[in-house]
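Count residues from 1 along the sequence. FYI, side chains are in, hydrogens and waters are out, and symmetry mates aren't considered; it's all heavy atoms of this structure.
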Amino acid sequence: MARQANRCRWIGLSEALDAFVSVPGKSQSQTHIRPLHWHVACRLAVEGGFHPDDIVPRPPFSVRRSRGEHVLVYDPDSAAGGELTVLGGLKTKDVDVVVSKPGIGPCVAVSIKGTLNAFRNLTNRMEEAVGDCTNLHISYPNLVYGFLHVVRANREGPLAPDAAHFLKADGAGNVAANDIAIRGDGGVAESIVRYHDVLLGLTGRDGVRNDISRYEALALAMVDPENRAVLADWPSAVSPLRMEKFMDAIYRAYDQRYVYAAPKLAKRTVRLAWRDDSPAFSEPLAAAFSPRLGR
């Protein structure tokens with residue numbers, strides 16, 4: 001039953017964020033962040049055009065050919081869970097979501113982190129992020145590596161009873177200062193602003209000879225626990241760390257390295273385009289995705 005529960009599901013962003021901010025049990029169990037792994041894996045297939053067989057965790061889709069076109073089918077029985085252990089230059093690393101091509105190796109990797117509290121400790125995440133990126137790029141300079149970090153937007157004020165198992169209260173019953181993400185005046189906590197500014201220097205790697213400690217794509221998002229949605233007004237619209245820019249940055253970097261820069265490999269590396277009448281697109285969840293369709 002545990003293996004069944006960990007199997008990748010087709011899941012929308014709102015459901016994944018709801019699981020993150022709700023946190024029914026201990027956050028160390030990963031149950032609050034795993035649905036976001038599944039969401040990203042599904043997006044890589046539906047929107048990214050990567051074959052489900054090449055993705056870990058394997059999303060619940062199968063592919064068939066019809067009249068020379070690729071047809072995407074919703075296939076829950078084909079799904080699998082887990083992470084992929086990738087050989088780094090310094091040590092192995094269990095990566096949350098990975099796309100690998102036979103004979104080529106890992107091409108896309110996405111690490112997904114979630115922080116619920118103790119925001120003054122975000123510098124520890126920064127050091128970990130730098131180390132992970134450097135480690136994998138040593139072994140795979142071409143790897144398109146993305147880092148997605150979601151933060152629970154705890155607001156200053158009384159501690160909600162349903163959050164008492166993972167947030168601390170001060171003497172007056174309010175959210176402890178170290179666990180506040182949004183101040184009473186609506187401003188973002190200084191520790192999170194500083195973290196954002198540091199991450200700006202870790203994104204935008206656009207060539208294999210560039211700094212290996214930088215990510216090809218990086219996003220930082222705060223999730224409102226009341227409406228289970230990403231805050232629309234932070235980071236600012238011009239920030240490269242906006243969540244809606246994340247997946248497109250991954251696809252763009254992948255195409256530049258594995259398709260355009262290596263035309264002799266294009267038949268193996270080109271991202272698939274799905275036939276617009278694929279059965280998967282008649283499923284209710286398809287409306288929340290932007291499928292990569294054939295021309």
Side-chain angles (χ1 to χ4, degrees), residues 13-14 16-17 20-21 32-33 35-37 39-41 43-44 47-48 95-98 108-137 143-155 179-183 186-207 210-225 227-257 290:
L13 180 60
S14 59
L17 295 179
F20 169 65
V21 297
H32 70 304
I33 197 68
L36 201 51
H37 300 180
H39 174 72
V40 170
R43 287 192 65 178
L44 286 168
E47 299 180 352
V95 185
D96 300 318
V97 185
V98 180
V108 175
V110 181
S111 287
I112 303 171
K113 305 296 181 184
T115 300
L116 302 165
N117 51 24
F119 300 126
R120 290 177 184 170
N121 298 332
L122 283 173
T123 52
N124 295 335
R125 289 291 195 189
M126 177 194 67
E127 294 168 359
E128 179 183 336
V130 172
D132 288 345
C133 189
T134 303
N135 178 42
L136 293 192
H137 275 147
L143 178 70
V144 176
Y145 199 1
F147 179 62
L148 172 59
H149 195 161
V150 289
V151 175
R152 194 178 193 273
N154 307 320
R155 296 184 181 274
D179 294 343
I180 294 172
I182 306 295
R183 303 191 308 265
V188 177
E190 182 62 28
S191 58
I192 297 176
V193 173
R194 288 198 305 269
Y195 182 60
H196 168 275
D197 293 345
V198 170
L199 291 181
L200 286 174
L202 298 181
T203 191
R205 182 174 184 259
D206 59 5
N210 285 11
D211 188 350
I212 61 174
S213 66
R214 294 166 66 105
Y215 289 87
E216 281 69 17
L218 201 153
L220 177 64
M222 283 204 289
V223 184
D224 191 331
N227 61 22
R228 270 61 170 165
V230 172
L231 293 186
D233 56 356
W234 195 90
S236 69
V238 298
S239 172
L241 305 190
R242 295 278 300 186
M243 190 171 179
E244 65 268 21
K245 301 177 181 179
F246 182 71
M247 298 301 292
D248 284 342
I250 288 176
Y251 303 146
R252 184 167 55 251
Y254 174 85
D255 286 344
Q256 289 173 347
R257 293 189 193 165
S290 300

Do Arg252 and Glu216 pass the salt bridge (charged side-chain N to carboxylate O under 4.0 Å, His left out) test, and can you show the C-alpha distance, the side-chain angles, and the key distance before you say yes or no?
CA-CA 9 Å; Arg252 184 167 55 251; Glu216 281 69 17; over 6 Å; no

Could you go step by step and tell me if Phe119 and Val151 meet the side chain to side chain contact (heavy atoms under 4.5 Å, CB included) rule?
CA-CA 9 Å; Phe119 300 126; Val151 175; 3.3 Å; yes

Step by step, would you call Ile180 with Asn154 a side chain to side chain contact (heavy atoms under 4.5 Å, CB included)?
CA-CA 5 Å; Ile180 294 172; Asn154 307 320; 5.8 Å; no

Could you please spell out the steps behind the side-chain hydrogen bond (donor to acceptor under 3.5 Å, both in side chains) verdict for Ser111 and Tyr145?
CA-CA 8 Å; Ser111 287; Tyr145 199 1; 2.7 Å; yes

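Using a 4.5 Å heavy-atom threshold, the side chains of Val110 and Ile250 count as touching. In this structure, the side chains of Leu36 and Leu13 come closer than 4.5 Å at one or more pairs of heavy atoms. No side-chain heavy atom of Arg205 sits under 4.5 Å from any side-chain heavy atom of Val144. Using a 4.5 Å heavy-atom threshold, the side chains of Leu199 and Tyr215 count as separate. A heavy-atom distance below 4.5 Å is not found between the side chains of Val188 and Leu231. Under the 4.5 Å side-chain criterion, counting only non-hydrogen atoms from C-beta, Arg228 is not in contact with Phe20.
The pair Asp224-Arg155 meets the salt-bridge criterion, with a side-chain N (NZ, NE, NH1 or NH2) lying under 4.0 Å from an Asp/Glu carboxylate O.
Under the side-chain contact (heavy atoms from CB on, under 4.5 Å) rule, Val150 has a single partner from Thr115, Val230, Leu220, Ile33, which is Ile33. Of the listed residues (Leu200, Leu148, Leu202), just one forms a side-chain contact (heavy atoms from CB on, under 4.5 Å) with Leu241, and that residue is Leu200.
Side-chain N/O atoms of Arg214 and His137 include no donor and acceptor closer than 3.5 Å.
Separation of atoms CG (Asp197) and CZ (Arg194) is listed at 9.5 Å; rounding is to 0.5 Å. With values rounded to the nearest 0.5 angstrom, Glu128 atom CD is found 11.5 Å from Asn135 atom CG. Here NZ of Lys113 is found 6.0 Å from CG of Asp96. Values are rounded to the nearest 0.5 Å.
Between Tyr195 and His149, the two ring planes are perpendicular [angle over 60°; tilted spans 30° to 60°].
Closest approach of Ala153 and Pro225 over heavy atoms only: O-CD, 3.5 Å.
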